[in-house]
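This report refers to the structure that appears directly beneath it.
Order of the sequence lines sets the chain letters (A, B, ...), proteins ahead of strands, with each chain counted from 1.
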Amino acid sequence: MRQAFFARNTVTVARELLGAVLEATGPDGAMTSGRIVEVEAYEGENDPASHAGRGPTPRSEIMFGPAGFAYVYLIYGMHHCLNFVTENEGTPGAVLIRALEPLAGREVMTARRGVDSRRSQDRDLTAGPGRLCQALGVDLGWNGIPLTGDIPGPEHAPILRVGLPPKVPRVIEKTSRIGISQATEKLYRFLDPDSRCLSGTR
DNA sequence: GAATCGATGATCT
DNA sequence: GATCATCGATTCA
């Protein structure tokens, strides 16, 4: 994907990310990848559930910058969440990656997750925003890195890339976002209902 | 299978 | 000092 893909309306980008491949290469050189099956859109001023909902702060500033960068933050003191910054500079927006179907690097993922490699299911690895970050090795050190090759990035930083969908979802389901108490009327959670790797109970 | 609850630290007021 | 875009263990069924 090019930067222009991300520099559009946040909800549009969120929907079109479903089915796409997310590939992560850590500082250790280990590569893991997965098919995106669940995302959420977060906007700016008119979205109180968003970190950008009440103006820029040191943490959310990146959401107000140019599209095509990773926004990573720590939640509940122990889990990381990975977002893709969207929209043009000056307009805040981001898409939270909530679930993947594991593709490459399953051994690395099971090791990072600390689960039994024989008994573990795909959903134990990458169903949920915190789980998938742990499986891909994503932490605060990944915050601010570029998502596309057309943006120059730091030398020895980890690498995140987004590729075309190997399989486009048959349908896209939309629901209220998970874990928020404000703006629950917005149906900004998008998912591939055919996937067995969705977050929450299943 | 569903409901409840505590862990734990960066960020913001 | 309060909040939090979550997870896993525990409990009850």
Ring pair (Phe, Tyr, Trp, His ring centres under 6.0 Å) pairs touching residues 84-120 of chain A, sequence neighbours excluded, are A/F6-A/F84
Between the side chain of [X] and the main-chain N/O of [Y], is any donor-acceptor distance below 3.5 Å?
X      : Y      : result
A/R112 : A/A135 : yes
A/E87  : A/T10  : yes
A/R15  : A/F190 : no
A/T126 : A/L100 : yes

Would you name the heavy atoms of A/V11 and A/N9 that are closest together and state the gap between them?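 Shortest heavy-atom separation between A/V11 and A/N9 comes out as N-OD1, 3.1 Å.
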Exercise for review: Taking atom types as modelled, find out whether A/R189 and A/T175 have a side-chain donor-acceptor pair closer than 3.5 angstrom.
Suggested key: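 Yes, a side-chain donor-acceptor pair sits under 3.5 Å.
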| message | Can you confirm whether the side chains of A/S195 and A/E101 place a donor and an acceptor under 3.5 Å from each other? | response | yes
Item checked: Those residues that, when tested against A/E43, pass side-chain hydrogen bond (donor to acceptor under 3.5 Å, both in side chains) (two or more places apart) ->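 For A/E43 the side-chain hydrogen bond (donor to acceptor under 3.5 Å, both in side chains) partners, ignoring immediate neighbours, are A/Y188.
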>> Restricting to side-chain hydrogen bond (donor to acceptor under 3.5 Å, both in side chains), what partner residues turn up for A/R131, sequence neighbours left out?
In response: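 Not a single residue meets the side-chain hydrogen bond (donor to acceptor under 3.5 Å, both in side chains) criterion with A/R131.
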Without decimals, in angstroms, what is the distance between [X] [atom1] and [N] [atom2]?
X      : N     : atom1 : atom2 : result
A/I97  : C/dA5 : CD1   : P     : 17 Å
A/N83  : C/dC4 : CG    : P     : 17 Å
A/H80  : C/dC7 : NE2   : P     : 12 Å
A/L125 : C/dC7 : CG    : P     : 13 Å

| How would you list all residue pairs meeting side chain to side chain donor-acceptor pair (under 3.5 Å) that involve residues 66-81 of chain A, not counting sequence neighbours? |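 Qualifying pairs, neighbours excluded: A/H51-A/Y71.
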For residues 135-147 of chain A, the side chain to side chain donor-acceptor pair (under 3.5 Å) pairs (sequence neighbours left out) are none
Under 4.0 Å, counting only non-hydrogen atoms across every strand here, what does A/L96 touch: a base, just sugar-phosphate, or nothing? base
Taking Watson-Crick and G-U wobble contacts under 3.5 angstrom, with | marking pairs to another strand and [ ] crossing pairs, the secondary structure of DNA chain C is written ||||.|||||||.
For nucleotides 8-13 of chain C, 5' to 3', base contacts (B), sugar-phosphate-only contacts (S) and non-contacts (-) with protein non-hydrogen atoms under 4.0 Å give S-----
Nucleotide by nucleotide, nucleotides 8-13 of chain B touches protein heavy atoms under 4.0 Å in the pattern (B base, S sugar-phosphate only, - none) BBSSS-
Expected list for residues 8-24 of chain A near DNA chain C, using heavy atoms below 4.0 Å, is none
| message | Check A/D192 with A/K167, please: is the shortest side-chain N to carboxylate O separation under 4.0 Å? | response |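 Salt bridge: no.
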Tell me every residue that passes side chain to side chain contact (heavy atoms under 4.5 Å, CB included) with A/V21, counting only those two or more places apart in sequence or in another chain.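 Partners of A/V21 by the side chain to side chain contact (heavy atoms under 4.5 Å, CB included) criterion, ordered by chain and then number, come out as A/S33, A/L103, A/P166.
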Taken in chain and number order and not counting sequence neighbours, the residues that satisfy side chain to side chain contact (heavy atoms under 4.5 Å, CB included) with A/T110 are A/E107, A/V115, A/S117, A/S120, A/L125
request  = Name every residue in residues 34-44 of chain A that has at least one heavy atom under 4.0 Å from any atom of DNA chain B, in order of residue number, or write none if there are no such residues.
outcome  =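 Contacting residues: none.
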